[in-house]
Amino acid sequence: MNYLDKIQNTVDDIIAILEKYDDDWANVFKRIKNNLYLNQKNTIRDIRYLYGGMGSFNDFVLQKDGNIPKDDNNKLYELRTKLYELCCQQTLS
């Protein structure tokens, strides 16, 4: 499996979680998924930009009806970290 496939699979997993809690972020990652193979360099850059600054994807916490689902937040944290690392590895190579 090449690095783009790994990024795509991770994005798919992120979308699956986000769709249960936040349509806005889910839509952001759907656009990323659609663009990944069309313009990989810019899309990887765009993914990395999601992690910077206040209110970024890095700060996002899943919640619904005032509840914060611990298991899904832990899974999202793992996926978020994995995606960032995949994108950084590609940028460095």
Side-chain angles (χ1 to χ4, degrees):
M1 180 180 299
N2 69 36
Y3 80 95
L4 281 179
D5 293 335
K6 290 178 184 178
I7 291 172
Q8 169 104 26
N9 290 341
T10 305
V11 168
D12 286 339
D13 292 342
I14 289 171
I15 290 169
I17 291 175
L18 291 175
E19 286 180 323
K20 297 188 286 185
Y21 300 97
D22 192 282
D23 289 336
D24 292 335
W25 276 113
N27 288 334
V28 167
F29 279 91
K30 287 176 185 176
R31 283 191 299 278
I32 285 169
K33 177 183 175 178
N34 291 336
N35 293 329
L36 184 58
Y37 288 94
L38 298 174
N39 190 341
Q40 67 188 46
K41 183 178 178 181
N42 287 342
T43 303
I44 289 171
R45 181 203 63 218
D46 292 346
I47 291 170
R48 292 185 66 203
Y49 285 165
L50 294 175
Y51 288 80
M54 290 177 37
S56 68
F57 182 58
N58 214 35
D59 298 333
F60 180 69
V61 176
L62 299 170
Q63 54 185 328
K64 189 168 193 163
D65 300 326
N67 297 314
I68 299 176
K70 183 177 178 182
D71 291 342
D72 280 347
N73 272 297
N74 288 341
K75 182 64 177 171
L76 181 61
Y77 177 82
E78 291 171 13
L79 291 168
R80 188 170 29 211
T81 301
K82 179 180 178 181
L83 181 61
Y84 187 79
E85 289 173 354
L86 285 167
C87 290
C88 286
Q89 289 170 5
Q90 182 52 33
T91 303
L92 295 175
S93 53

Chemist: What is the distance from atom CG of L62 to atom CG of N73, rounded to the nearest 0.5 Å?
Modeler: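 If we round to the nearest 0.5 Å, L62:CG and N73:CG are 4.0 Å apart.
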Chemist: Minimum heavy-atom separation for N39 and N42, please, with both atom names.
Modeler: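 Result for this residue pair: ND2-ND2, 2.8 Å.
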Chemist: On the 0 to 90° scale, with breaks at 30° and 60°, tag the F29-W25 ring pair as parallel, tilted or perpendicular.
Modeler: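 Rings of F29 and W25: tilted, as their planes differ by 30° to 60°.
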Chemist: Test: side-chain hydrogen bond (donor to acceptor under 3.5 Å, both in side chains). Region: residues 9-19. Which pairs qualify, not counting sequence neighbours?
Modeler: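 Pairs touching residues 9-19 that pass the test: D12-K33, E19-K30.
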Chemist: Between R48 (side chain only) and C87 (backbone N and O only), is there a donor and an acceptor less than 3.5 Å apart?
Modeler: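 Checked: no pair found.
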Chemist: Indicate yes or no for a side-chain donor-acceptor contact from N35 to the backbone of L38 under 3.5 Å, with no hydrogens or angles considered.
Modeler: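 No, the answer is negative, given that no donor and acceptor are paired below the 3.5 Å cut-off.
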Chemist: Please round to the nearest 0.5 Å and tell me the distance separating atom CG of L36 and atom CG of L4.
Modeler: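 One finds 5.0 Å between CG of L36 and CG of L4.
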Chemist: Can you sort out the partners of Y84 under ring pair (Phe, Tyr, Trp, His ring centres under 6.0 Å), two or more places apart, ordered by chain and number?
Modeler: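 Only Y51 meet the ring pair (Phe, Tyr, Trp, His ring centres under 6.0 Å) criterion with Y84.
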Chemist: Taking salt bridge (charged side-chain N to carboxylate O under 4.0 Å, His left out) as the cut-off, I'd like each qualifying pair that reaches into residues 65-79, sequence neighbours left out, listed once.
Modeler: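 Salt bridge (charged side-chain N to carboxylate O under 4.0 Å, His left out) check on residues 65-79 returns K20-D72.
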Chemist: Are Y37 and I14 connected in the hydrophobic side-chain network, where two residues link if heavy atoms are under 4.5 Å apart?
Modeler: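 In one cluster: yes.
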Chemist: If you measure from OH on Y77 to CG on N74, what distance do you get to the nearest 0.5 Å?
Modeler: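 Output value for this atom pair is 10.0 Å.
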Chemist: Under 4.5 Å between side-chain heavy atoms, hopping through other hydrophobics if needed: is there a path connecting F57 to V61?
Modeler: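 Different clusters: F57 never reaches V61 through Ile, Leu, Val, Met, Phe, Trp or Tyr contacts under 4.5 Å.
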Chemist: From the options Q8, Q40, Q89, select the one residue that forms a side-chain hydrogen bond (donor to acceptor under 3.5 Å, both in side chains) with Y3.
Modeler: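 Only one option passes, and that is Q40.
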